[in-house]
Amino acid sequence: MSDIGVPTEEYQPPPEEEPPVRAVSPGEWVRQNLFNTWYNSVITIVLAPAIGYLIFRVLRFVFVTARWEIVEVNLTNFMVGTFPRDELWRPWTAMAVLGLVVGLGLGVTARANTEVARIRGVRIGASWHENVRRAAPALLLLVALVVFVRTATPLVLLAGVVLLAVLGYYAGRRIPPGRRRWMHLAVLLGLAVSYVVMTQFDGVSLARWGGLMLTMFLAVGGIALAFPLGVLLALGRRSSFPAVRLVSVVYIELIRGVPLIALLFMGWLILPFLLPADFPTPGRTWRALIILIAFTAAYVAEIVRGGLQSISTGQYEAAQALGLPAWKTMRLIILPQALRNVIPAMVGQFISLFKDTSLVLIIGLLDLLAVARRVTQQPDFLGQGLHAETLIFVSFIYWVGSYWMSRESQRMEKRLGLGER
Amino acid sequence: MTSTSTSLTQAAWRAGGTGEEMIRCERVNKWFGDFQALKDIDLVIGRQEVVVVCGPSGSGKSTLIRCINRLEKYDSGMIVVDGIELSDDVRNIQEVRREVGMVFQQFNLFPHLTIMENITLAPRQVRHQSKTEADGYATELLERVKIPEQAHKYPAQLSGGQQQRVAIARALAMKPRVMLFDEPTSALDPEMIKEVLDAMVQLAESGMTMIVVTHEMAFARAVADRIVFMADGQIVEVGTPEHFFTDPQEDRTKLFLSQIL
């Protein structure tokens with residue numbers, strides 16, 4: 001380089017200039033965004049009062065006219081349905097166990113994420129107000145529950161669960177990187193323990209679960225099992241074995257061609273006839289869960305297939321050239337990238353599943369939405385038109401769950417650097 | 001065949017390097033549908049030899065080296081790598097791939113893994129090395145390609161030239177006996193070509209057996225033991241750089257050289 005006379009070592013790039021900050025006063029903002037042309041002014045003048053009135057009516061209903069005592073009285077029904085009241089220590093214990101392992105898991109991943117983010121130079125929610133914003137939907141739900149609780153015991157227990165989760169989080173942050181793989185085991189163990197606490201030792205069978213507890217069981221179980229099954233189906237659809245490919249394609253196309261409600265009815269009415277006579281028919285709740293998993297897996301499979309197609313052949317060739325066997329290529333190179341590329345679609349599917357669990361009410365399960373319908377028919381409230389209160393309450397819970405998933409998926413995309421290339 | 005066929009055959013069959021045979025291709029044919037990409041390829045490459053393959057695009061140069069590590073399946077003929085004949089047996093293919101490193105035009109680094117993880121993945125997963133051992137050797141390799149400070153970055157954070165040097169280090173981490181380069185500098189900005197070629201020269205000097213598909217004629221002249229000129233799926237001419245650049249025999253070769261030099 002010296003022969004063309006460029007003094008490389010002394011060359012300094014010019015200092016970067018900060019872009020100018022433009023302060024806009026509120027009045028200026030309104031003029032620029034709401035009254036910048038005559039037709040925008042007209043739209044603003046017409047719509048602003050309409051929207052304002054609507055918001056006023058909603059707020060007035062929620063905070064003034066609504067008769068929330070139907071929710072207050074039935075809060076336990078909303079949470080657990082007809083679960084025997086003298087067995088309530090079981091769900092509380094399960095919640096404590098789950099709170100602990102979930103907190104632990106969050107703590108461990110938080111630590112891993114900060115390390116990865118530091119390497120990548122990406123800044124992710126480290127400051128406290130970002131953490132508060134992240135927890136905002138859950139906090140809102142907590143506030144709502146606290147407002148509606150009428151006795152002290154659930155408050156104390158709830159505080160205990162939250163405390164355990166927080167303790168788990170800080171314990172998780174202290175776990176050294178080498179021991180992280182035990183976390184998966186801890187989470188599985190936590191799930192197993194809570195299931196045993198719920199159902200074994202004279203416990204309560206799934207048939208009597210209800211309310212939010214049933215909804216969460218169906219949603220979490222559905223997501224956790226539909227995801228791996230869907231990935232397997234997607235891989236099966238691209239398999240080089242014709243039989244595997246055929247089975248996958250037929251399964252995916254059949255399931256996707258039938259409405260979920262029809263499948264739920266089939267699980268309810270037809271499945272028992274298909275099983276051998278002496279085979280114990282799974283309970284109604286299990287059948288609903290199986291149908292939800294089977295249904296979602298077919299959609300997940302197509303989403304994953306899209307992700308697999310987004311990976312260039314160069315990635316396969318590079319892995320092959322290094323001598324990686326096919327399944328390791330898939331597990332270590334292709335799937336991590338393919339799944340990362342489809343996070344938005346995948347989480348969309350999971351949000352759908354979460355809300356679709358409400359369809360189980362048509363086969364007689366008492367999920368969150370079913371409770372909302374049922375309590376308005378109690379003698380105390382019958383014929384008083386309290387549908388709005390109950391529907392708003394359960395909708396709020398569905399919204400919290402869906403919004404939380406949506407936000408977490410955006411965080412995950414950012415963390416995994418999607419859109420970076 | 002023309003009158004030069006005897007000399008062509010002799011030049012193609014004479015292993016360079018130590019004289020010991022490393023790769024043998026015999027009457028290799030390859031079709032893509034109706035299109036014949038390789039026609040009766042005969043070539044022997046010696047241990048520690050550096051062979052540059054050049055020719056116009058579509059001449060089958062990439063296909064040839066991709067057949068050597070079985071990224072492409074050839075339809076007839078025989079390829080033997082370090083005594084292992086390529087067959088349809090998966091284990092046999094894996095065995096050859098462990099011995100043969102490859103560097104691609106588009107780098108093909110794994111974007112979701114750090115540089116260190118890119119390099120240590122195969123040694124740990126295929127050769128079952130411990131993390132310490134693999135990390136140690138990876139650091140050594142990164143020093144050899146002169147980017148040790150990038151170990152914990154991700155590929156997207158590196159320049160093209162740096163990425164390609166990582167790709168070389170990644171292939172070397174498997175301690176291969178042969179390295180294949182498929183147009184390693186074609187996707188690079190001009191100012192980054194030299195740093196990659198420098199790494200390749202250094203590798204050639206260390207005694208690696210190399211087959212390099214490239215248009216970098218200065219590199220070929222300086223480093224190659226033999227140059228193979230291909231056109232239309234055939235080997236047209238084989239010779240030392242001196243022979244190739246000063247006294248080409250075939251009209252096709254002369255035409256090609258007149259177009260690129």
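Numbers restart at 1 for each chain; the letters A, B, ... are given by sequence-line order, proteins then strands.
Residues B/T185 and B/L197 meet the side-chain proximity criterion, which asks for heavy atoms closer than 4.5 Å.
Counting heavy-atom pairs under 4.5 Å between each of B/V96, B/L109, B/L180 and chain A puts B/L109 at the top. When each of B/V103, B/L121, B/N69, B/L71 is scored by its heavy-atom pairs under 4.5 Å with chain A, the top score falls to B/L71.
Closest approach of A/L332 and B/H112 over heavy atoms only: O-NE2, 2.8 Å. What you find for A/G222 and A/L353 is that their closest heavy atoms are C-CD2, 3.6 Å.
In this structure, B/R127 contributes its side chain and B/R98 its backbone to a donor-acceptor pair below 3.5 Å.
Using a 4.0 Å cut-off between a side-chain N of Lys or Arg and a carboxylate O of Asp or Glu, A/R237 and A/E302 qualify as a salt bridge.
In this structure, no portion of B/I93 lies under 4.5 Å from any heavy atom of chain A. Contacts between B/Q106 and chain A at a heavy-atom distance below 4.5 Å are absent for every atom of the residue. Only the side chain of B/F104 comes within less than 4.5 Å of a heavy atom in chain A; its backbone stays farther off.
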